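Data block below; observations after.
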Amino acid sequence: MRAIFKGTILSPISKGKVLFIVPGYLVTSEQGNILEVTSDNPREKYKSFPFYDFSDRIICPGFIDIHNHLSQLPLMGLSDNNLLTWLNKLVFPCEGKFKSQEIAKQTADSFFRQLLKNGTTTTSTYVTIHKQATDLAFQSAKENGVRAFIGKVMMDQEVPGNMLEDTQKSLQDSEELIEKWDGYDNGRLRYALTPRFAVSCSFSMLKGIGDLAKKYDVYIQSHLAESNGELKLIQKLYPDFENYTDVYYRAGILSEKTIMAHCIYLSGKEIKILRKTGTKVSHCPTANRFLASGIMPYRKLEQSGLTIGLGTDVAGGYSLSMFNEMKEAIETSKMINFLNSEKQYKPITVEEAFYLATLGGAKVLSLEKETGSLEISKSADFLVIDYQKLNDFKNRDILSNARNILSKMIYLGNKDIIEQVYLRGKRVI
Ligand code: GUN
Ligand code: FE
């Protein structure tokens, strides 16, 4: 794994700042960690290291997709413009097929392969209610090298009969999967408890999940305030609670290790609870538009101090590409600003979008010491990108600064420009 990689280094520093070194060198250790990121030629210092010349290529950290559903891969591109009918008509029948181990394994293999080809090296994903299928998804992630949080979907109310779980059995299955997989391969694979959303989870199930999360110190992932129809159902199912967030709060499942996806329709009070508990937010702008759910007020949540990352939400979203997700995040933030009369919500910049798709996502997953940027001692999880493909005119000036390169990649890029993908210093694509 020891090696020197030469190329144009592009790595996030903060929401507004990127590291840009031309030419730069990335030096990796035997264990697959980053030894140096430098503009000084290190070949004298590391004489015995193999040298790879990626001049004319970008070297940047792998992307982090903090919310998606691997079981919904076959549904990509199919919307119903309504979350609840889409779940009933398309999602539940599709997820039901994961009873077949063959379908479960094939879909997981294909999902992780496509994810890596899109440059996503770390993810957090939902499987289905099936324990076997979840075990196979872990197996698949084990084989292909991806860094992943994976969880068995939990639901014990308001879903079709074949999708309905016994509360205790669901908790027990989840616990067994935690014991088998959480922390596998030095923490490359982790378990995430996965209550689908409060609509399909009883309060006693949610409380049991909170207890399990504390017992094993594992992550919880779920959905919150995604659509109006969902909010109405919550009011009906949980009439004694102050609001949607209050259900999760009183069940004890909000903490620094909880990721809530969507968070479109939140009151000021709810935002404060998320802040107080340290709950993380997955912004899924593609899915929010595709399912006609709404637009998350990113800047408002960000200014409230919440930690936010990006999720493709496949197949609520139609694409596994984080280039597309960054683009949607920026474009929808322009709409929010446009519609706001006080113009207080500045749109997301390309640097900020890049941060959200990398280091920001790592922070959501508490992995910022391990991955998310090219920094000394972090894992060498990186991409080699042929950005010259984005510039037909051979006009080198256009691609001579970080902002232009990022902008071209975000708006014109797709998986075709990703040539190589490395995890822990080892090439996986
Ligand atoms: N809310 C509950 N389940 C789901 C799901 O599978 N996808 C999305 N986008 N929202 C949900
Ligand atoms: Fe989702």
Side-chain angles (χ1 to χ4, degrees), residues 65-98 107 111 115 123-130 133-134 137 149-160 163-165 192-202 205-206 209 219-234 237 244-245 247-248 253 258-265 280-296 309-320 325 328 361 364:
D65 178 354
I66 63 167
H67 177 92
N68 56 57
H69 303 252
L70 73 78
S71 52
Q72 294 172 16
L73 186 72
L75 296 181
M76 269 204 299
L78 306 180
S79 174
D80 198 49
N81 290 350
N82 178 302
L83 171 67
L84 299 175
T85 57
W86 174 76
L87 284 174
N88 280 313
K89 276 204 255 175
L90 295 165
V91 173
F92 293 147
C94 177
E95 292 191 6
K97 298 211 169 83
F98 269 54
T107 311
F111 178 86
L115 200 72
T123 196
S124 189
T125 194
Y126 292 46
V127 189
T128 59
I129 57 162
H130 308 95
T134 309
F149 289 67
I150 299 171
K152 187 192 90 65
V153 169
M154 304 172 81
M155 35 194 196
D156 66 349
Q157 64 178 30
E158 299 286 319
V159 291
M163 292 273 103
L164 199 62
E165 294 185 284
L193 284 158
T194 307
R196 173 162 233 128
F197 60 164
V199 169
S200 59
C201 298
S202 67
M205 175 179 255
L206 292 173
I209 291 166
Y219 261 74
I220 298 175
Q221 55 180 352
S222 192
H223 298 88
L224 171 63
E226 178 177 3
S227 81
N228 280 312
E230 173 194 7
L231 257 62
K232 284 204 189 91
L233 256 183
I234 291 289
L237 294 165
Y244 197 162
T245 305
V247 178
Y248 291 140
I253 70 161
T258 303
I259 309 167
M260 284 294 162
H262 304 288
C263 298
I264 299 174
Y265 301 103
K280 310 295 198 291
V281 171
S282 172
H283 183 25
C284 307
T286 305
N288 292 346
R289 284 216 304 178
F290 191 55
L291 297 179
S293 300
I295 307 179
M296 189 192 89
L310 291 181
T312 60
D313 193 27
V314 158
Y318 50 79
S319 168
L320 280 173
E325 209 56 48
E328 284 278 343
V364 166

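Remember, predicted model here, so these are calculated numbers, not experimental data. Note: hydrogens, waters and symmetry copies are ignored here, and every other heavy atom, side chains too, is used. For ligands, and for the atoms within them, numbers begin at 1 and follow the listed sequence.
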Which atom pairs, nitrogen or oxygen on both sides, join ligand 1 and the protein at under 3.5 angstrom?
{"residue": "ligand 1", "atom": "3 (N)", "partner": "Arg196", "partner atom": "NE", "Å": "2.8"}
{"residue": "ligand 1", "atom": "6 (O)", "partner": "Gln72", "partner atom": "NE2", "Å": "2.9"}
{"residue": "ligand 1", "atom": "6 (O)", "partner": "Arg196", "partner atom": "NH2", "Å": "2.8"}
{"residue": "ligand 1", "atom": "9 (N)", "partner": "Glu226", "partner atom": "OE2", "Å": "3.0"}
{"residue": "ligand 1", "atom": "9 (N)", "partner": "Asp313", "partner atom": "OD2", "Å": "2.7"}
{"residue": "ligand 1", "atom": "10 (N)", "partner": "Glu226", "partner atom": "OE1", "Å": "2.7"}
{"residue": "ligand 1", "atom": "10 (N)", "partner": "Glu226", "partner atom": "OE2", "Å": "3.4"}

Checklist entry - Roughly how far apart are Tyr219 OH and Ile259 CD1, rounded to 0.5 Å? => result 6.0 Å
Checklist entry - Excluding sequence neighbours, so at least two apart, what forms side-chain hydrogen bond (donor to acceptor under 3.5 Å, both in side chains) with Ser71? => result none
Item to check | Criterion side chain to side chain contact (heavy atoms under 4.5 Å, CB included) on Thr312 and Thr286, from CA distance to verdict | outcome: CA-CA 7 Å; Thr312 60; Thr286 305; over 6 Å; no
Checklist entry - Between Glu165 and Arg196, is there a side-chain N and carboxylate O pair less than 4.0 Å apart? => result no
Item to check | Spacing of CD belonging to Glu325 relative to SG belonging to Cys284, to within rounding of 0.5 Å | outcome: 6.5 Å
Checklist entry - Sequence neighbours excluded, which residues qualify as side-chain hydrogen bond (donor to acceptor under 3.5 Å, both in side chains) partners of Ser124? => result Gln221
Item to check | Tally of protein N, O or S atoms, where distance to the Fe ion (ligand 2) is under 2.8 Å | outcome: 4
Checklist entry - If you round to the nearest 0.5 Å, how far is CD of Glu230 from CG of Leu224? => result 7.5 Å
Next on the checklist: Classify the ring geometry of His262 against His223: parallel below 30°, tilted from 30° to 60°, perpendicular beyond 60°.
Outcome noted: parallel
Checklist entry - If you measure only the distance, is there a donor-acceptor pair under 3.5 Å linking the side chains of Asn288 and Ser293? => result no
